[in-house]
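Notes follow the structure.
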Amino acid sequence: MRQTPRAVLVLEDGTTFEGKSMGYPVSTAGEVVFNTAMTGYPESLTDPSYEGQILVTTYPILGNYGVPPRGEKQGVSAYYESDHIHAKAIIAQDYSWEHSHWQADRSLSQWLEEEKIPGIYGIDTRALTKHLRDKGSMLGKILIEGTPEVDFYDPNKENLVQKASCKEVEVHGDGEKTVVLVDCGVKHNIIRCLTSRGVKVVRVPWDYDFNTIDYDGLFISNGPGNPDMVDVTVENLRKAFEKDKPIFGICMGNQLLSKAAGASIRKLKYGHRSHNQPVRRVGTDTCFVTSQNHGFVVDNETLPEGWEPLFINMNDGTNEGIRHKSKPFFSAQFHPEASSGPRDTEFLFDEFIALL
């Protein structure tokens, strides 16, 4: 049995869970959220939408397939959703110190150590998840034996989009059509999905005035935190409405498009974070299995005249996307580019490209 330091998760309501350390042995704090996906921890940990959050995995074992090698494809990470881990820490019921996968080049724990990210295993994640479902997402801190204690930290009080966004304009791919991608914390598979469809992607920072660029389509990416912190992007979107050029938003992009239209946003009790959320396309009986990662949601009742819901969550009836009734503007709250899946809704990229 491997000897590792004792670790404790402390929630803001005083609840504690004891376990053992894996990864980098340092205490940390953030918002504690859970993800019900069975696979995909390399993608989840590098997803910028987890910036500032402590990730609880409900699948009982972690680390059994290690992590893939570094490398680039189409100018972005080949196997990850960004160039570094964004989650503050990861929590598992059990951790496999032995990994086996034809693509793996190191263990999860080694990768966490390299990026100075702590982890806990050996705690009852089922009990923890049930507690978060009852009480809602809450602040927490991980205390590793022998390291300095830390205070609670609320990431939602910061502009996390500013932290996750690129700092300069970048160009990916080539093609006759140009798509401006507003980077609010974009997942790299979104860039892959766009460039693989033969368009040039001009990636701009979250607060860049993209209306100064001549483009064929506008894409608003996913991102972390509270959309009310991103008013600069909302104002630029309102100017873009006047051009009548195609607009597609994903996750945070759905919320920012909705705010630009005049709708309001509210925080969910514990968010949608999984690979198995069912959504229905409004006006049809068609239901899709989707991957999601968000803590805020659009209030359907506040959508102004001319706009309507495009998708609805079949679990709780919340908004999963909007569209304009006459202009080529639409969005999805879920992730059509989902990696490691499901990919039931990747056709939305085709619909967007067709509008160009």
Side-chain angles (χ1 to χ4, degrees), residues 33-50 53 55-59 81 87 129 133 137 184-194 196-197 219-224 227 247-258 263 265-300 303 308-323 329-353:
V33 300
F34 63 87
N35 184 310
T36 63
M38 295 174 64
T39 61
Y41 54 77
E43 294 86 355
S44 293
L45 285 169
T46 54
D47 181 349
S49 295
Y50 280 116
Q53 295 180 325
L55 175 60
V56 181
T57 58
T58 62
Y59 191 67
E81 293 298 354
T129 300
R133 281 180 60 91
S137 297
C184 298
V186 67
K187 291 172 63 179
H188 281 182
N189 207 40
I190 287 176
I191 298 174
R192 297 184 203 109
C193 284
L194 289 170
S196 67
R197 286 165 171 78
F219 190 101
I220 315 299
S221 85
N222 65 293
I247 301 175
F248 181 23
I250 285 179
C251 196
M252 173 71 78
N254 175 56
Q255 296 162 14
L256 298 182
L257 185 67
S258 299
I265 314 294
R266 62 182 174 85
K267 197 173 192 305
L268 289 166
K269 183 177 181 181
Y270 47 80
H272 296 155
R273 298 177 180 88
S274 67
H275 286 192
N276 48 20
Q277 291 276 342
V279 303
R280 179 176 60 84
R281 192 161 191 162
V282 175
T284 75
D285 291 327
T286 306
C287 201
F288 302 98
V289 178
T290 68
S291 177
Q292 304 198 14
N293 178 14
H294 61 100
F296 293 81
V297 69
V298 176
D299 185 346
N300 281 328
L303 283 171
E308 62 185 358
L310 179 56
F311 296 97
I312 295 294
N313 189 295
M314 295 303 287
N315 285 336
D316 61 10
T318 56
N319 177 272
E320 291 287 354
I322 67 168
R323 66 180 169 191
F329 310 153
F330 71 104
S331 57
Q333 184 61 59
F334 50 88
H335 287 275
E337 84 296 341
S339 181
S340 57
R343 295 179 176 174
D344 299 38
T345 56
E346 195 174 315
F347 68 87
L348 291 175
F349 284 93
D350 298 321
E351 292 189 1
F352 175 59
I353 298 301

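Just the heavy atoms: all of them, side chains too, but no hydrogens, waters or symmetry mates, feed the values below. Since the model is a prediction, treat every value here as computed from it, not as a measurement.
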To the nearest 0.5 Å, how far apart are [atom1] in [X] and [atom2] in [Y]?
{"X": "I247", "Y": "L256", "atom1": "CD1", "atom2": "CG", "answer": "11.5 Å"}
{"X": "T36", "Y": "Q292", "atom1": "OG1", "atom2": "CD", "answer": "9.5 Å"}
{"X": "E320", "Y": "N315", "atom1": "CD", "atom2": "CG", "answer": "9.0 Å"}
{"X": "F334", "Y": "Q277", "atom1": "CZ", "atom2": "CD", "answer": "11.5 Å"}
{"X": "N35", "Y": "L55", "atom1": "CG", "atom2": "CG", "answer": "5.5 Å"}
{"X": "N293", "Y": "E43", "atom1": "CG", "atom2": "CD", "answer": "12.5 Å"}

Quick check: closest heavy atoms across [X] and [Y], and the distance to 0.1 Å?
{"X": "G321", "Y": "N254", "value": "CA-OD1, 3.4 Å"}
{"X": "F248", "Y": "P336", "value": "CZ-CG, 4.4 Å"}
{"X": "I265", "Y": "P227", "value": "CG2-CG, 3.7 Å"}
{"X": "T284", "Y": "T286", "value": "OG1-N, 3.1 Å"}
{"X": "S331", "Y": "L310", "value": "O-CD2, 3.8 Å"}
{"X": "H275", "Y": "V289", "value": "O-CG1, 3.8 Å"}

Requested in this report: Go through the steps to decide whether L303 and E308 satisfy the test side chain to side chain contact (heavy atoms under 4.5 Å, CB included), and finish with yes or no.
Outcome: CA-CA 7 Å; L303 283 171; E308 62 185 358; 5.6 Å; no
Could you tell me whether the side chain of [Y] reaches within less than 4.5 Å of the side chain of [X], counting heavy atoms only?
{"X": "F349", "Y": "L194", "result": "yes"}
{"X": "M252", "Y": "I220", "result": "no"}
{"X": "C193", "Y": "E346", "result": "yes"}
{"X": "E81", "Y": "N189", "result": "yes"}
{"X": "I250", "Y": "F219", "result": "yes"}

Are the side chain of [X] and the backbone of [Y] linked by a donor-acceptor contact shorter than 3.5 Å?
{"X": "T318", "Y": "N313", "answer": "no"}
{"X": "Q255", "Y": "F296", "answer": "yes"}
{"X": "S137", "Y": "V33", "answer": "no"}
{"X": "K187", "Y": "P48", "answer": "no"}
{"X": "N222", "Y": "G185", "answer": "yes"}

Report task. Could you point out which residue of N276, D344, T345 forms a side-chain contact (heavy atoms from CB on, under 4.5 Å) with T290? Result ->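 Exactly one pass, corresponding to T345.
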Query raised in the report: Could E351 and R281 be called an ion pair, given the rule that one side-chain N must be under 4.0 Å from one carboxylate O?
Result: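 A salt bridge links E351 with R281.
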Query - Candidate pair H272 and D316, rule side chain to side chain donor-acceptor pair (under 3.5 Å), full reasoning - result: CA-CA 10 Å; H272 296 155; D316 61 10; 2.7 Å; yes
